[in-house]
K.L.:
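Okay, here's the structure, questions in a sec.
Computed from a prediction, not measured in an experiment: that's the story for all the values here.
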Number of protein chains: 2
Amino acid sequence: MPKPTITDIAKALDITASTVSRALAGSPKVSQATRMLVERKAAEMGYERNVLASSLRRGVTDTVGMVVPRVNRQFFSNIISGAEAVLNPAGYNLIISQSHEHSEDERRAIQTLLRNQVSGILISHSIETKDAEAFKDMLASTGVTVIQFDRAFEGIGDLCVVNDNFECARSATRHLIESGYERIGYMGGDESSNVYVDRKAGYMAAMREAGLEVNDDYMFSNCITRDKGFYNAAKAVERGCGALYCAGDYAALGVIEYARDKGIKIPEDFGVVGTANENFTDVVYPSLSSVEQNSTEMGTAVAKAFLDIKSGKALNTDKIIIPTRLIVRDSSKRRKY
Amino acid sequence: MPKPTITDIAKALDITASTVSRALAGSPKVSQATRMLVERKAAEMGYERNVLASSLRRGVTDTVGMVVPRVNRQFFSNIISGAEAVLNPAGYNLIISQSHEHSEDERRAIQTLLRNQVSGILISHSIETKDAEAFKDMLASTGVTVIQFDRAFEGIGDLCVVNDNFECARSATRHLIESGYERIGYMGGDESSNVYVDRKAGYMAAMREAGLEVNDDYMFSNCITRDKGFYNAAKAVERGCGALYCAGDYAALGVIEYARDKGIKIPEDFGVVGTANENFTDVVYPSLSSVEQNSTEMGTAVAKAFLDIKSGKALNTDKIIIPTRLIVRDSSKRRKY
DNA sequence: GCAAGAAATTCAAACGTTTGTATTTTTGCA
DNA sequence: TGCAAAAATACAAACGTTTGAATTTCTTGC
């Protein structure tokens with residue numbers, strides 16, 4: 001027994017398919033009586049709308065695509081989780097693609113999503129992608145709603161959702177300053193990304209506001225892995241650095257490990273604050289102070305923004321900022337907190 | 001300018017749409033010459049096949065759905081990552097749904113996927129789901145390929161892919177025995193799940209094989225969280241237990257923390273091995289021995305099995321077993337290793 | 001040069017739904 | 001009772017593709 005169609009229902013009730021369609025859609029052009037009949041029959045026959053046919057006819061799908069560098073990164077999987085939890089109840093399906101941090105994969109992913117007529121694309125760019133040129137024309141011709149998150153570029157998409165990376169770094173750095181650390185340095189990532197540009201700026205702002213000078217000897221970019229953190233921690237310590245704000249937790253972990261190796265006491269002799277609040281932060285010893293990015297909330301915000309745009313709700317901004325929250329743990333608890 | 005269709009291409013070349021369709025499909029029924037012409041024209045006009053129309057006509061989609069309890073769990077996000085990496089290049093899209101560990105959400109997710117005519121469903125059941133009854137008839141009527149992974153039930157689906165949970169627990173327990181620990185206990189999870197049933201059996205087997213007796217005082221089920229681990233570690237120690245094989249890393253973490261609190265030395269006075277090789281295991285102090293589940297590999301295996309089934313390749317089994325690998329770290333290194 | 005067969009192409013219907021327009025039925029009112 | 005307006009339904013085309021069958025065009029051998 002093949003799946004019943006509206007035509008089957010129509011035949012069974014001796015009416016026409018269009019009436020069935022309208023009845024199921026709840027159109028006011030169909031009488032209460034027949035609507036009831038149709039609904040009952042549909043249920044009885046186990047009817048399920050053929051989404052393909054419907055989408056083809058209507059010209060829109062209830063599918064949205066998400067492109068992330070890697071799904072198995074805590075930050076991104078939280079975003080996916082949050083977005084899915086909002087989109088699914090709203091009747092949307094979420095298609096996932098990974099760019100594996102490659103521009104070419106990213107382009108291909110977008111291509112595939114467009115071919116699948118997604119009604120929206122939610123994207124966080126790969127690290128390899130340095131600007132939005134390649135996507136501009138690709139996306140321009142179509143009517144899909146595009147929302148960028150976390151790693152975003154100007155001149156593309158309807159909206160972007162990002163963390164308050166500036167404030168995130170500023171508050172963490174300020175916390176180190178207030179905790180009495182001196183000669184505070186910065187470990188960041190690739191500065192072609194808005195994320196690290198903003199964090200660096202936040203660090204610098206906190207320093208400037210406290211009347212402290214920024215010393216290039218204590219500044220490390222392209223340093224977000226555990227290994228790099230370990231490696232550069234050595235340099236930093238050697239040069240007299242007293243504390244580090246790290247724009248990534250893995251680098252901060254490297255710093256802690258270096259300190260442990262060298263017998264440098266954290267937080268007494270050296271302070272560290274990381275970023276992302278990875279799930280190892282309260283497990284490492286000493287536990288790592290970090291900035292929570294509220295990634296799940298970012299996911300729901302992205303999804304909600306998408307739904308708002310779809311429902312024609314005018315957005316009063318083109319940038320949604322998700323607040324971050326400093327979590328103080330042992331690695332920076334020099335003074336009583 | 002709306003998207004060009006095969007009809008547009010046909011008109012431009014003064015041929016018919018069916019020829020264009022066949023040309024693009026690489027059918028042998030069309031001449032080399034026109035195939036070239038069509039391909040050139042298609043590229044020139046920026047043609048992209050309308051997947052919806054194609055799927056509607058063919059009666060199949062190139063979409064597969066995956067249902068997991070939560071996407072933001074390392075284990076599952078690795079599986080998603082692995083599966084996506086195989087399916088995407090093969091021309092399939094992956095739709096993600098979360099059951100949030102609820103049977104009802106799970107049922108709804110499957111329903112939605114079926115309505116979207118996915119050509120396959122890859123599913124790991126929610127903890128709340130105790131058997132496959134609710135899905136049997138739902139899935140039976142359709143022709144979708146169903147593959148269960150990790151948490152699987154009998155009598156449903158075409159295939160299942162699981163870890164070697166028995167061997168996983170056996171090797172870990174044997175390792176504890178060989179390291180000279182005595183009175184070794186077990187911390188497991190809910191035994192309505194095949195996963196924990198098998199792990200418990202593996203633990204028991206290792207004990208039996210070593211001629212050791214299993215003491216119920218050292219057995220804890222429904223104990224996979226950090227809190228429960230901490231709580232039950234107290235009981236275990238009090239009762240004279242000397243080491244624990246934990247079927248989950250979080251419980252093992254709780255055990256380590258209890259020991260640290262009480263000044264019990266790990267690995268000297270107490271041994272712990274966890275399961276899953278969560279990314280905090282080599283960060284916690286002392287580092288936690290654990291069993292790697294090769295989750296990414298499980299994802300690729302699931303996806304490959306799906307592709308095999310689709311391509312009509314006969315499978316010589318209905319159960320694929322992904323091997324695990326014991327990683328010995330400090331928490332169980334009593335003897336020189 | 002022509003018939004027979006192969007090769008290439010066209011025709012037409014189908015997938016299941018939606019929707020503008022036309023038609024029928026019902027309703028309300030004089 | 002009759003008639004216009006409103007309500008309900010039916011008709012038909014369309015979305016873009018695929019595919020079996022019919023038709024045309026090209027080969028090939030005699």
K.L.:
Between atom CG in Leu56(A) and atom C1' in dT18(D), what is the gap in whole Å?
P.N.:
13 Å
K.L.:
Whole-Å distance between dT23(C) P and Lys29(A) NZ?
P.N.:
15 Å
K.L.:
Run the salt-bridge test on Lys136(A) and Glu154(A) with the 4.0 Å N-O cut-off and return the result as yes or no.
P.N.:
no
K.L.:
Leu13(A) has an atom CG; how far is it from atom C1' of dT9(D), in whole Å?
P.N.:
13 Å
K.L.:
Please classify the nucleic acid contact of Ser54(A) as base, sugar-phosphate, or nothing, using heavy-atom distances under 4.0 Å.
P.N.:
sugar-phosphate
K.L.:
Is a side-chain N or O of Glu101(B) found less than 3.5 angstrom from the main chain of Ser126(B), in a donor-acceptor match?
P.N.:
no
K.L.:
Measure the distance from CZ on Arg49(B) to P on dG16(D) and round it to the nearest whole Å.
P.N.:
15 Å
K.L.:
Let me know the distance between CD of Gln32(A) and C1' of dT27(C), rounded to the nearest Å.
P.N.:
17 Å
K.L.:
Could you tell me if Ser103(B) and Thr129(B) have a donor-acceptor pair between their side chains, going purely by distance under 3.5 Å?
P.N.:
yes
K.L.:
Using a cut-off of 4.0 Å on non-hydrogen atoms, how would the nucleic acid contact of Thr5(B) be classed: base, sugar-phosphate, or nothing?
P.N.:
sugar-phosphate
K.L.:
Under 4.0 Å, counting only non-hydrogen atoms across every strand here, what does Ser31(B) touch: a base, just sugar-phosphate, or nothing?
P.N.:
sugar-phosphate
K.L.:
Check whether any side-chain nitrogen or oxygen of Ser21(A) sits under 4.0 Å from OP1 or OP2 of dT17(C), and answer yes or no.
P.N.:
no
K.L.:
Using a heavy-atom cut-off of 4.0 Å across all strands, would you classify Thr16(B) as base, sugar-phosphate, or nothing?
P.N.:
base
K.L.:
Starting from P on dA14(C), measure out to CG on Asn50(A) and report it in whole angstrom.
P.N.:
17 Å
K.L.:
Side chain of Ser18(A), heavy atoms from C-beta onward: which of dT9(D), dA12(D), dG16(C) has the nearest atom to it?
P.N.:
dA12(D)
K.L.:
Tell me the interatomic distance from Arg57(A), atom CZ, to dA13(D), atom P, rounded to whole angstroms.
P.N.:
13 Å
K.L.:
For DNA chain C, whose closest nucleotide is more 5', that of Asp14(B) or that of Ala25(A)?
P.N.:
Asp14(B)
K.L.:
What contact category does Ser55(A) fall into here, base, sugar-phosphate, or nothing, at under 4.0 angstrom with non-hydrogen atoms?
P.N.:
nothing
K.L.:
So that I can tick it off, tell me whether Asp190(A) and Lys130(A) are bridged by a salt bridge, with the cut-off set at under 4.0 angstrom between side-chain N and carboxylate O.
P.N.:
yes
K.L.:
Could you tell me if the ring centre of Tyr92(B) sits under 6.0 Å from that of Phe306(B)?
P.N.:
yes
K.L.:
How close or far is atom P of dT9(D) from atom CZ of Arg22(A), stated in whole angstroms?
P.N.:
11 Å
K.L.:
Considering heavy-atom distances to DNA chain C, does Ala17(A) or Thr34(B) have its closest nucleotide positioned more toward the 5' end?
P.N.:
Thr34(B)
K.L.:
For a quick check of understanding: with a heavy-atom distance under 4.0 Å over all strands, which category does Ile15(B) fall into, base, sugar-phosphate or nothing?
P.N.:
sugar-phosphate
